[in-house]
Amino acid sequence: MRIDGVPYRTVWVDPEDGWSVRIIDQTKLPWALEIVRLTDVPAAAHAIRSMQVRGAPLIGAAAAYGLCLGLRQDSSSAAMERDAALLAETRPTAVNLRWALERMLTRLRNTPAAERERVAYLEAAAIAAEDVAQNAAIGRHGLPLIEQAVKPGARVNILTHCNAGWLATVDWGTALAPIYLAHDAGIDLHVWVDETRPRNQGAALTAWELGRHGVAHTVVADNAGGHLMQHGDVDLVIVGTDRTTRRGDVANKIGTYLKALAAHDNDVPFWVALPSTTIDWTVSDGIAEIPIEQRSAAEVTDVTGRTADGSIATVRVAPSESPAANPAFDVTPARLVTGLITERGRCAASADGLLSLFPEQRRSQ
Ligand code: MRU
């Protein structure tokens, strides 16, 4: 996507040195566009853990490039396995991280040590390129849902949660890909952007990227969605996911489940957009089986923003003696999901629905 006319991706190899990895530091948005240069595995692990890069597909691609950085320094099998383990433990919920590292290791374990660095960069580039193509396809398969919601003389109102836009992927985004295509096709649409406490990925990132692309949007408090649906102000919900089970349960940013409940109660279609790299075919029951990341209490008790004088400040909003809990994801059961939008098309959120699009996974049943 473009920022002020300049095309960007969220992760890329520095064209000048041909090996270091560049990322957009998402902890600085929307106040500053800062590009960070990663040169080793600890820096890549820190970028993922601290959420300089975030979003399920992007952390997979970033981890793949992180492994390349490690192989530059030591291409032995022991070092490679150690680095992959370090990167894998940075964030537990999004399955793309584990998927990308497994794909890299599968390719590299059978590659002679002297060849590994070169092969690793090729494989990481393939992971990134495939993510871009998959998300573009998700956009094409999601577009008809927005076209069908068009009513004469009225805008299409879409609600989204967290950031599942191009910042969460290598490019295009998942939930926002159909929205960008619909906007570019001239459909009059408007996006309700859940602020997405505690880290405010909606207010800070989704609002920023929609704004850069000229998409009409309004940031709302996380608790506003049910009210908006009761009053007919939401035509459909589209969200992303960090891990979807083989039967269609969906883990996504905390608060997604409550939006699905409100959508169900108000007959608002609730769609989930995902590349197949986000499907964990090894798990069925999302509530029982998906590990939920527990993050720092400070993300709940404190809020960071820009003050009137332009400086960035963090203030505490809870009493200093009050403890806080911070489960970062929740699981929406498949029964509350209208359908899934994947790179191969749309399907029901069920084992049969997913297997109809991915029949090669029948063997792992
Ligand atoms: O904690 P985050 O910001 O990494 O969580 C991101 C989300 O929950 C996104 O909705 C999800 O990764 C889908 S992104 C295409």
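When a ligand or atom number is given, it counts from 1 through the structure's own listing order. Residues take their numbers from the sequence shown, with the count starting at 1.
- At distances below 3.5 Å, not a single donor-acceptor pair connects side-chain atoms of D194 with backbone N or O atoms of D222.
- With a 4.0 Å cut-off on non-hydrogen atoms, P57 touches ligand 1 through its side chain and not its backbone.
- Counting protein heavy atoms only, atom 10 (O) of ligand 1 is closest to N252 OD1, 2.7 Å.
- The main-chain N or O of D285 is found under 3.5 Å from a side-chain atom of E289 such that the two form a donor-acceptor pair.
- Closest to atom 14 (S) of ligand 1 among all protein heavy atoms lies A168 CB, 3.5 Å.
- Of all the heavy atoms of V239, none lies under 4.0 Å from any atom of ligand 1, so neither backbone nor side chain is involved.
- Ring planes of H227 and H231: tilted class, angle from 30 to 60°.
- Checked for salt-bridge contact, D235 and K151 meet the test: a charged N lies under 4.0 Å from a carboxylate O.
- Closest protein heavy atom to atom 15 (C) of ligand 1: T174 OG1, 3.0 Å.
- A cation-pi contact, defined as under 6.0 Å to the ring centre and within 45° of the axis, links R37 to W19.
- In R199, neither the side chain nor the backbone holds a heavy atom less than 4.0 Å from any atom of ligand 1.
- Heavy-atom distances between A328 and ligand 1 stay at or above 4.0 Å for every pair.
- Using a 4.0 Å cutoff on heavy atoms, L58 does not count as a contact of ligand 1.
- At a threshold of 4.5 Å between non-hydrogen side-chain atoms, the residues M80 and R109 count as touching.
- Checking only distances, A164 never comes within under 3.5 Å of ligand 1, N or O to N or O.
- At least one donor-acceptor pair closer than 3.5 Å links the side chain of D249 to the backbone N or O of A334.
- When only non-hydrogen protein atoms are considered, atom 5 (O) of ligand 1 lies nearest to K253 CE, 3.3 Å.
- In this structure, R91 counts as a contact residue of ligand 1, since one of its heavy atoms falls inside 4.0 Å of the ligand.
- Below 3.5 Å of separation, one finds an N or O of Q201 facing an N or O of ligand 1.
- Checked by atom type and distance alone, the side chain of R197 pairs as donor or acceptor with a backbone atom of V300 at under 3.5 Å.
- Of all protein heavy atoms, the one lying nearest to atom 11 (C) of ligand 1 is D242 OD1, 3.1 Å.
- Proximity of a side-chain donor or acceptor of T304 to a complementary backbone N or O of T314 within less than 3.5 Å is not detected.
- In this structure the side chain of M1 never reaches within 4.5 angstrom of the side chain of L167, judged on heavy atoms.
- The residues E209 and R212 are annotated as not salt-bridged, no charged nitrogen and carboxylate oxygen being separated by less than 4.0 angstrom.
- For the residues P275, G165, A56, the heavy atom positioned nearest atom 12 (O) of ligand 1 is part of A56.
- Listed by number with element, the atoms of ligand 1 under 4.0 Å from a non-hydrogen atom of C162 are 5 (O), 6 (C), 7 (C), 8 (O).
- When heavy-atom distances to ligand 1 are checked against a 4.0 Å cut-off, E293 has no atom that comes that close, whether in backbone or side chain.
- Under a 4.0 Å criterion applied to the non-hydrogen atoms of F329, ligand 1 contributes the atoms 1 (O), 5 (O), 8 (O).
- Numbered from 1 in the order shown, with element, the atoms of ligand 1 that lie under 4.0 Å from a heavy atom of M51 read 1 (O), 2 (P), 3 (O).
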Q: Decide side chain to side chain donor-acceptor pair (under 3.5 Å) for T241 and N252; before the verdict, give the C-alpha distance in whole Å, the side-chain angles of both, and the deciding distance to 0.1 Å.
A: CA-CA 5 Å; T241 167; N252 193 47; 5.3 Å; no
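- Nearest to atom 6 (C) of ligand 1 among the protein's heavy atoms is R54 NH2, 3.5 Å.
- Contact annotation for N163 and ligand 1: only backbone heavy atoms (N, CA, C, O) come within less than 4.0 Å of the ligand.
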